[in-house]
Amino acid sequence: MIEKRQFYIDGQWVNPAAPRDLDVIDPSTEEACAVISLGDQADTDAAVAAAKAAFPDWADTPLETRIALIEKLGEVYNARREEMAEAMRAEMGAPIDLARSSQWGAGSWHLAGFLEAVKDFKFEESYAGVDKIRHEPIGVCALITPWNWPMNQVVLKAIPAMAVGCTMVLKPSEISPLSSLLFAEMVDEAGFPKGVFNLVNGDGVGVGSQLSSHPDVDMVSFTGSTRAGIAISKAAADTLKRVSLELGGKGANIIFADADEKAVKRGVLHCMNNTGQSCNAPTRMMVERSRYAQAIEEAKAAAEAVTVGPTTESGRHIGPVVSELQFNKIQSMIETGIKEGATVLSGGLGRPEGVNKGYYVRPTVFADVTPDMTIYREEIFGPVLAITPFDTEEEAVEMANDTVYGLTNYIQTQDDAKRLRVARRVRSGMVETNGTSRAQGSPFGGYKQSGNGREGGAWGIEEFCEVKAISGCGT
């Protein structure tokens with residue numbers, strides 16, 4: 001049993017003010033793999049005070065020095081890859097190969113991208129020959145991160161905050177805290193000044209709410225559910241602090257009749273990746289009717305080829321979902337889909353055949369899903385795909401936009417004019433077309449109830465800056 005009860009505050013590991021133990025459950029075994037402590041108001045106050053005290057000196061530290069420390073952190077992160085992968089495997093159920101590649105690699109990739117972006121970022125420039133415009137660090141930042149892509153989200157928040165001169169308090173998900181505790185060790189090993197980076201474990205109701213409403217926190221950067229994002233926004237309103245939100249999604253994958261032959265299979269595999277636990281997953285597949293019957297067969301075959309297996313074994317299988325709560329929610333949604341009349345092409349209720357332990361879900365594909373069905377409208381956050389036919393381009397756009405979310409939509413067609421035309425009309429912060437991933441540093445974020453900020457590259461750096469105009473100094 002791993003014991004990680006301490007918090008990282010003001011450059012040292014400290015005991016909680018009033019320890020409250022919480023088991024970290026390995027979702028592949030349903031057994032505790034570690035124990036942490038949940039913080040309370042005293043721990044939150046201590047961490048915020050440390051960040052506040054460290055801010056003036058860190059903000060004045062030369063950019064070159066901050067970059068050098070981030071580069072050192074990157075070296076430590078890369079050197080301790082196997083430890084990080086094992087932490088994420090155990091805490092949130094990523095199969096070990098996925099943990100070593102995509103889960104660990106997301107952090108490394110974004111860190112490198114920010115180092116490139118910050119070197120070209122204009123922190124100060126002239127405007128109209130009269131004013132000087134400065135981008136200055138906003139101050140003390142609360143970073144609240146989710147369990148599904150732990151290092152992806154920690155790095156997307158912590159590195160740009162560090163780079164511009166902010167100080168911070170990280171509250172990772174209490175479900176998957178081990179990777180963030182390891183990240184704190186890496187920050188310490190890299191030699192950052194005390195108080196720049198602090199970590200307090202806790203739940204949303206406790207430490208999360210305390211940070212969101214804290215008068216000495218200047219900004220909250222949150223990734224998680226839309227429900228929690230609304231609560232954080234309300235808690236932050238009394239102090240008018242900046243709130244940056246990356247929330248849920250219900251991505252449409254529009255497959256036109258002329259899409260390439262791998263489009264359906266690619267969409268199924270993308271939906272199932274990370275066991276469906278991605279806010280930008282293409283969970284609504286919309287297929288032009290002339291290709292619909294063929295697409296159903298292709299989707300069925302692709303889903304049935306997806307295997308579920310232990311997180312400790314190498315391979316391209318998917319693992320369990322993160323928790324019993326998540327498992328039960330997904331089962332309820334699958335049951336609702338069946339009751340509302342959708343056709344089960346593959347998967348369905350219960351664990352995969354031969355599995356009697358662990359939060360494993362059967363890769364499930366529904367066909368003949370209509371826009372009034374629950375599985376069409378609500379985010380499931382599991383390996384569940386809903387397929388719906390459409391007749392015209394206009395209808396496809398209307399269906400894609402018929403959602404409270406607006407994170408990522410997908411378009412598959414070999415008609416370049418139509419591809420761009422539809423991409424311009426769908427209401428989402430990101431559009432991926434024909435299986436092409438977005439570039440390093442491209443802005444990540446959504447419209448509507450998918451959030452209101454952007455992460456990655458120069459846009460992610462701007463999130464942590466205030467803009468100051470100084471007159472008479474523009475030359």
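Values in this document were obtained by computation on a predicted structure and should not be read as measured data.
In terms of heavy atoms, Gly319 sits closest to Val308 at O-CG1, 4.5 Å. The two residues Asn452 and Val243 make their nearest non-hydrogen contact at OD1-O, 3.4 Å. Scanning all heavy atoms of the two residues, the minimum distance from Arg362 to Gly350 falls at CG-O, 3.3 Å. Considering all non-hydrogen atoms of both residues, Ser278 and Asn273 come closest at OG-O, 4.2 Å.
For Glu116, there are no side-chain hydrogen bond (donor to acceptor under 3.5 Å, both in side chains) partners, not counting sequence neighbours. Residues passing the side-chain hydrogen bond (donor to acceptor under 3.5 Å, both in side chains) test with Gln326: none are found, sequence neighbours excluded. Not counting sequence neighbours, Phe7 has no partner by the ring pair (Phe, Tyr, Trp, His ring centres under 6.0 Å) test. Residues satisfying the side-chain hydrogen bond (donor to acceptor under 3.5 Å, both in side chains) criterion with Asp10, sequence neighbours excluded, are absent altogether. Under the salt bridge (charged side-chain N to carboxylate O under 4.0 Å, His left out) criterion, Asp57 pairs with no residue at all, not counting sequence neighbours. Under the ring pair (Phe, Tyr, Trp, His ring centres under 6.0 Å) criterion, Trp147 pairs with Phe381, not counting sequence neighbours. With sequence neighbours excluded, the residues forming a salt bridge (charged side-chain N to carboxylate O under 4.0 Å, His left out) with Lys157 are Glu455, listed by chain and number.
Electrostatic pairing of Glu31 and Lys357 counts as a salt bridge here, judged by a charged N lying under 4.0 Å from a carboxylate O. By the 4.0 Å N-to-carboxylate-O rule, Glu3 lies close enough to Arg5 to be salt-bridged with it. Taking the charged nitrogens against the carboxylate oxygens, Glu378 and Arg227 have no contact shorter than 4.0 Å, which rules out a salt bridge. Salt-bridge formation is detected for the pair Glu124/Arg134: a Lys NZ or Arg NE/NH1/NH2 atom is positioned less than 4.0 Å from an Asp or Glu carboxylate oxygen. Looking at Arg351 and Glu30, a side-chain N of the basic residue comes within less than 4.0 Å of a carboxylate O on the acidic one, giving a salt bridge. Contact check on Glu463 versus Arg242 returns no salt bridge, with no Lys/Arg side-chain nitrogen under 4.0 Å from an Asp/Glu carboxylate oxygen.
Under 3.5 Å, the side chains of Ser108 and Asn78 contain a donor-acceptor pair of N or O atoms. At a cut-off of 3.5 Å, with distance as the only test, a side-chain donor of Asn274 or Gln103 sits close to an acceptor on the other residue.
Listed by first then second residue, pairs satisfying ring-ring contact (aromatic ring centres under 6.0 Å, His included) with a partner in residues 91-117 read Tyr77-Trp104, not counting sequence neighbours. Sorted by first and then second residue, the pairs that involve residues 185-212 and meet ring-ring contact (aromatic ring centres under 6.0 Å, His included), not counting sequence neighbours, are Trp58-Phe192, Phe183-Phe197. Counting only residues at least two apart or on different chains, no ring-ring contact (aromatic ring centres under 6.0 Å, His included) pair has a member in residues 213-252. Here ring-ring contact (aromatic ring centres under 6.0 Å, His included) pairs that include residues 155-177, with residues two or more places apart or in two chains, number zero.
Looking at heavy atoms from C-beta onward, Asp43 lies out of side-chain contact with Gln210 at the 4.5 angstrom threshold. Side-chain contact check for Leu181 versus Glu185: every heavy-atom pair is 4.5 Å or farther apart.
Taking OG1 of Thr364 as the start and CG of Leu349 as the end, the distance is 8.0 Å to the nearest 0.5 Å.
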Please report, to 0.1 Å, the donor-acceptor pairs under 3.5 Å made by any side chain of residues 159-173, with sequence neighbours excluded.
from, atom 1, to, atom 2, distance (Å)
Thr167, OG1, Ala51, O, 2.8
Lys171, NZ, Gly202, O, 2.8
Ser173, OG, Ile175, N, 3.1

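Within a 6.0 Å sphere centred on NZ of Lys234, other residues, nucleotides and ligands contribute 12 heavy atoms or fewer.
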